[in-house]
There are 2 protein chains.
Amino acid sequence: MKSLVSRCPIEEVMQILSGRWPTLLIYYLKQGTKRFSDLRRDNPTISHKMLTLELRKLEDAGIVERTEFEGYPLRVEYQLTPAGHRLVPLIDALGDWWETTSDTSAHPGSTDAEAAVSNTASRD
Amino acid sequence: MKSLVSRCPIEEVMQILSGRWPTLLIYYLKQGTKRFSDLRRDNPTISHKMLTLELRKLEDAGIVERTEFEGYPLRVEYQLTPAGHRLVPLIDALGDWWETTSDTSAHPGSTDAEAAVSNTASRD
DNA sequence: AGTAAATTACGCACCTTTTTGTAACCACGA
DNA sequence: TCGTGGTTACAAAAAGGTGCGTAATTTACT
């Protein structure tokens with residue numbers, strides 16, 4: 001399924017972090033332990049299926065740990081592994097870089113003609 | 001153009017860096033100025049369409065600068081902007097993080113089950 | 001000399017592949 | 001029956017590949 005055979009570690013990380021969900025999920029999970037339904041509440045635009053898929057991917061990557069509790073309505077908890085926690089500041093650094101760049105002198109001539117992406121009114 | 005309407009800068013960066021090409025292209029561009037055809041030679045599996053699209057995206061993001069020279073067979077050169085150069089170590093850090101983590105016995109994506117599934121015989 | 005071909009960096013249209021969404025279903029016990 | 005976490009099948013959408021056309025000028029062939 002995901003035997004990454006790329007010569008370059010960067011390619012491998014990007015394979016895991018690419019897409020809109022991985023970093024978002026990590027962002028929410030750094031707040032602490034979350035259950036499946038918590039994460040769905042955190043970002044309501046992710047579909048049930050995507051959430052399972054992405055969580056599985058992060059699990060396989062050793063970023064997230066899944067803990068299943070016996071019980072009536074089956075409870076599962078997700079949390080960052082130590083490696084996952086070490087990843088957080090690196091992701092944050094990217095965010096900082098972006099803020100700095102857009103701030104200073106990056107893309108000046110932004111013809112933001114086709115901006116208008118529908119904002120799904122979720123909030124932080 | 002960075003007309004991304006997300007509340008979170010991390011989401012915005014990931015929108016740019018997601019996929020297999022952006023970081024690869026940055027990787028090659030950090031070696032210096034490259035022409036379109038150079039980049040195609042650097043990684044021959046990218047199609048000309050993808051290369052133009054990705055370069056355009058990186059340009060809009062202020063990571064890459066495009067210089068067009070007048071002339072017969074039209075020459076165009078690409079190079080990292082200062083912001084692009086500042087991005088490089090951050091990406092490298094992700095690569096380092098991945099190497100470190102995979103080292104500490106995490107998630108080698110190859111559970112024997114799935115290893116059996118895909119034999120990497122003739123894969124592009 | 002005249003015409004055809006090649007070169008470089010694309011744009012565009014068409015088609016395939018991959019990813020993602022939708023929805024229905026499973027199990028369990030209150 | 002509901003709610004939990006999850007799977008599967010199918011449909012829609014997005015990503016990506018292929019190949020042709022274009023510009024302007026040099027070179028290659030006849």
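All values derive from a computational prediction rather than experimental measurement. A, B, ... follow the sequence lines: proteins, then strands. Residue 1 opens every chain.
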Counting side-chain heavy atoms from C-beta on, which of [options] comes nearest to [X]?
{"X": "B:Arg75", "options": "D:dT18, D:dG5, C:dA9", "result": "C:dA9"}
{"X": "A:Lys49", "options": "C:dT22, C:dT8, D:dG17", "result": "C:dT22"}
{"X": "A:His48", "options": "D:dG5, C:dG21, D:dG16", "result": "D:dG5"}
{"X": "A:Val76", "options": "C:dA9, D:dT18, D:dG5", "result": "D:dG5"}
{"X": "B:Thr52", "options": "D:dT18, C:dG21, C:dG11", "result": "C:dG11"}
{"X": "A:Phe36", "options": "D:dG5, C:dG21, C:dT7", "result": "D:dG5"}
{"X": "B:Met50", "options": "C:dA9, D:dG17, D:dG5", "result": "D:dG17"}

Nearest whole Å is fine: how far is [N] [atom2] from [X] [atom1]?
{"X": "A:Asp38", "N": "D:dG5", "atom1": "CG", "atom2": "C1'", "value": "13 Å"}
{"X": "A:Arg20", "N": "D:dA14", "atom1": "CZ", "atom2": "P", "value": "11 Å"}
{"X": "A:Phe69", "N": "C:dG29", "atom1": "CZ", "atom2": "P", "value": "19 Å"}
{"X": "B:Leu53", "N": "D:dG16", "atom1": "CG", "atom2": "P", "value": "9 Å"}
{"X": "B:Glu77", "N": "C:dA9", "atom1": "CD", "atom2": "P", "value": "9 Å"}
{"X": "B:Trp21", "N": "D:dG17", "atom1": "CH2", "atom2": "C1'", "value": "11 Å"}
{"X": "B:Leu74", "N": "C:dG11", "atom1": "CG", "atom2": "C1'", "value": "13 Å"}
{"X": "B:Leu39", "N": "C:dT8", "atom1": "CG", "atom2": "P", "value": "14 Å"}

Worksheet item: Which whole number of Å gives the distance between the P atom of D:dA23 and that of C:dG2?
Response: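 Taking atom P in both D:dA23 and C:dG2, they lie 23 Å apart.
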
Worksheet item: Does B:Arg20 reach the main-chain N or O of A:Gln15 with its side chain, forming a donor-acceptor pair under 3.5 Å?
Response: no

Item to complete: With the side chain counted from C-beta on, respond yes when A:Gln31 and A:Asp38 share a heavy-atom pair under 4.5 Å apart, and no when they do not.
Response: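 SC-SC contact between A:Gln31 and A:Asp38 ruled out.
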
Once you round to the nearest 0.5 Å, how far does [atom1] of [X] lie from [atom2] of [Y]?
{"X": "A:Leu87", "Y": "B:Thr100", "atom1": "CG", "atom2": "OG1", "result": "11.5 Å"}
{"X": "A:Asn43", "Y": "B:Glu11", "atom1": "CG", "atom2": "CD", "result": "8.5 Å"}
{"X": "B:Tyr28", "Y": "B:Leu39", "atom1": "OH", "atom2": "CG", "result": "9.5 Å"}

Worksheet item: Which residue, A:Arg56 or A:Pro73, contacts DNA chain D at a nucleotide closer to its 5' end, judged by nearest heavy atom?
Response: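 Residue closer to the 5' terminus by nearest nucleotide: A:Pro73.
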
Worksheet item: Given D:dG3, is OP1 or OP2 found less than 4.0 Å from the side-chain N or O atoms of A:Ser37?
Response: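 No, no such contact exists.
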
Worksheet item: For C:dA9, does OP1 or OP2 lie under 4.0 Å from any side-chain N or O of B:Arg35?
Response: yes

Worksheet item: How is A:Arg40 classified with respect to the nucleic acid when contacts are heavy atoms under 4.0 Å: base, sugar-phosphate, or nothing?
Response: nothing

Item to complete: Identify whether any heavy atom of A:Tyr78 sits under 4.0 Å from a base atom; if not, whether one sits that close to sugar-phosphate; answer base, sugar-phosphate or nothing.
Response: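 It contacts sugar-phosphate atoms only.
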
Item to complete: Name the residue closer to the 5' end of DNA chain C, choosing between A:Gly71 and A:Glu54 according to the nucleotide with the nearest heavy atom.
Response: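 With A:Gly71 and A:Glu54 compared, the 5'-side residue is A:Glu54.
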
Discussion item. Whether A:Lys57 and A:Asp60 form a salt bridge (side-chain N of Lys/Arg under 4.0 Å from carboxylate O of Asp/Glu) is what I want to check.
Written reply: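 No.
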
